[in-house]
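Have a look at the structure below, then the notes.
Below, read A as the first sequence line, B as the second, and so on, with proteins coming before strands; counting in each chain starts at 1.
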Protein chains: 2
Amino acid sequence: MDLVPREEPEAADPRQRLLNAAYRVFAEKGLQGARTRDIAARAGVNLAMLHYYYRSKEELYAQVLTPLYREVFSRLDSVLSGPGDPRDRLEAAVSVYFDFLKRYPSLPRLVMWELASGAQVLRGVFAGLLDPASGSLFHHFRRLFQEGREQGIFRDTPPEQAIISTVALIIFPFAARDLLTAALPGVADQPEFIERRRRHVLDLLMRGLGEEGHNP
Amino acid sequence: MDLVPREEPEAADPRQRLLNAAYRVFAEKGLQGARTRDIAARAGVNLAMLHYYYRSKEELYAQVLTPLYREVFSRLDSVLSGPGDPRDRLEAAVSVYFDFLKRYPSLPRLVMWELASGAQVLRGVFAGLLDPASGSLFHHFRRLFQEGREQGIFRDTPPEQAIISTVALIIFPFAARDLLTAALPGVADQPEFIERRRRHVLDLLMRGLGEEGHNP
DNA sequence: GTCTATATCCTGATAGAC
DNA sequence: GTCTATCAGGATATAGAC
C-alpha cells in the first residue's frame with residue numbers, strides 16, 4: 001500500500017517521491033511524452049537515482065500503474081461478489097470507482113494513455129488476476145446482470161454490452177475533461193462535477209438497463 | 001475531401017500517401033510515439049519529402065485530424081438540425097458516428113490520443129466551428145433534449161450529462177478495443193461488434209433518457 | 001546511496017546536388 | 001520535386017568518484 005502513489009506534496013522516501021512525481025508526469029504526457037529528467041526534477045531526486053531504483057522508464061511506469069489497478073480491481077471485486085441485490089451491488093460498484101476518482105483525479109487520464117497505447121500494463125494486471133477458480137471481475141459482473149434478469153429487475157441485455165457501457169460512462173468524461181471544459185464551459189470544471197456525474201450515471205444505468213416498473 | 005485519409009492501400013499523390021500512412025501511424029503510436037521515418041517509409045515516400053510537404057510532424061498531425069473532425073461535425077450538424085422528432089434525430093446522430101466508424105476504424109484511437117494529450121487539435125477545430133450566429137453542435141444537441149422533454153418524450157435530464165454520455169458510449173469501446181479483446185475474448189473482436197454496439201447504445205439511451213411509456 | 005560527467009543512440013529537420 | 005547525407009539537439013542510461 002505504501003507503493004501506491006498519492007497526490008500529496010511531501011514524502012520522505014525518495015522511492016515514493018519518484019512514484020508520486022511519475023504519477024503526475026505520466027498522467028500529463030503519457031509514457032512516450034514523459035521525460036525521466038522531468039520526473040526526477042519534480043521528485044527533487046537526482047536523475048541517476050531514478051535509474052538506480054527503477055531500472056528503466058518502462059519499469060517505473062509499470063510500478064506506478066500496477067498498484068493502482070490492483071487496488072481498484074480488488075475493491076470492485078469485493079463489492080461485486082458481496083451481498084445485496086443486483087441493483088445495490090451495481091450502485092456500490094459505480095460508487096467505488098467514483099470514490100477512487102476523488103483520491104486519484106489523474107487516474108482516468110493515465111488509463112486513457114494506456115488504452116490508446118494498447119493497454120499493456122493493464123492487460124498484464126488482468127492476466128495476473130484471472131484466477132480460474134474464483135472467476136474474476138467480469139465473472140462477477142456477468143453474474144450480477146444475469147441474476148438481475150432472473151429476478152425481473154434488469155431487462156434482457158447482453159452482459160458484455162452492459163459492462164462496457166458502465167465503464168465507458170464512468171471513465172470517459174474524466175479522461176476527456178480538458179476537452180469538455182473547452183467545449184462545454186462551466187460543466188466539467190466544477191468541483192461538483194464528480195457527484196453530478198455519479199448521479200447521472202446511476203440514473204441512466206438503472207433506467208436504461210432496468211425493467212420498467214422497477215425504477216425508483 | 002481529397003485530403004481526408006482513407007484506409008486504402010494505394011494512392012497516386014505522395015501527399016495523399018503521406019496522409020494515409022500518418023493516419024495509421026498516429027493512430028497506433030500517438031503524436032509523440034510516431035516517428036516521421038516510419039510514416040515516410042510506410043508511405044513509400046522519402047523522409048525529406050514529408051518535411052517538404054508538411055513543415056513539421058505537428059502540422060502533418062493536424063492535417064490528418066482536421067478534415068476528419070470537420071467531416072464528422074458537419075454531418076452531425078446537418079442531422080441534428082434537420083427535421084424529425086427528437087428521438088429520430090438522436091438515433092440518426094448516433095448512426096452517423098457508427099457509419100463513420102466503419103470507414104475509419106482507427107478514428108477512436110486517434111481521438112483517444114488527442115484526449116489524453118489535451119485535445120489541442122480537436123479544440124482548435126471546435127473553436128473554428130463556433131459560429132456565433134447559428135450556434136453549433138452543442139446548441140443543436142441541447143435543443144434536441146429540451147424539445148424532447150417539452151414533448152414528454154425525454155425525461156428531465158441535464159442536457160450536458162446526456163451529451164457526455166452519448167459520446168462516451170459511442171467512442172470508448174472502440175478506443176479501448178485492444179483491452180476489451182483481451183479482457184472479454186469473443187466480444188469486441190468480431191465484425192458484428194459495431195452493429196451490436198450500435199443497437200445497444202441506442203437502446204440504452206432511449207430507455208435511459210426516455211420517459212416511461214414512450215419506449216418502443 | 002548519492003552525485004557529476006558522459007557515452008550512445010535516435011529524432012526531427014535541413015542543406016544542397018540533381 | 002526528389003534524393004543523399006548530415007547536423008544539432010535531446011533522450012535514456014551508466015560509469016565511476018565519493
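The list of salt bridge (Lys or Arg N to Asp or Glu O under 4.0 Å) pairs with a residue in residues 28-41 of chain B, not counting sequence neighbours, reads B:E28-B:R42. Among pairs with a residue in residues 43-57 of chain A, none fulfils salt bridge (Lys or Arg N to Asp or Glu O under 4.0 Å), at least two apart in sequence or across chains.
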*Using a 4.0 Å heavy-atom cut-off, write out nucleotides 3-18 of chain C from 5' to 3' as B (base contacted by protein), S (sugar-phosphate only) or - (no contact).*
BB------BBBB----
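By the salt bridge (Lys or Arg N to Asp or Glu O under 4.0 Å) test, A:R196 is found to be paired with A:E192, residues two or more places apart in sequence or in another chain being considered. For B:E59, there are no salt bridge (Lys or Arg N to Asp or Glu O under 4.0 Å) partners, not counting sequence neighbours.
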Kindly list each side-chain donor-acceptor pair under 3.5 angstrom involving residues 159-167 of chain B, sequence neighbours excluded, with atom names and distances?
from: B:E160; atom 1: OE2; to: B:R142; atom 2: NH1; distance (Å): 2.8
from: B:Q161; atom 1: OE1; to: A:R197; atom 2: NH1; distance (Å): 2.8
from: B:S165; atom 1: OG; to: A:R197; atom 2: NH1; distance (Å): 3.2
from: B:S165; atom 1: OG; to: A:R197; atom 2: NH2; distance (Å): 3.0
from: B:S165; atom 1: OG; to: A:H200; atom 2: NE2; distance (Å): 2.7
from: B:S165; atom 1: OG; to: B:Q161; atom 2: O; distance (Å): 3.0
from: B:T166; atom 1: OG1; to: B:A162; atom 2: O; distance (Å): 2.7

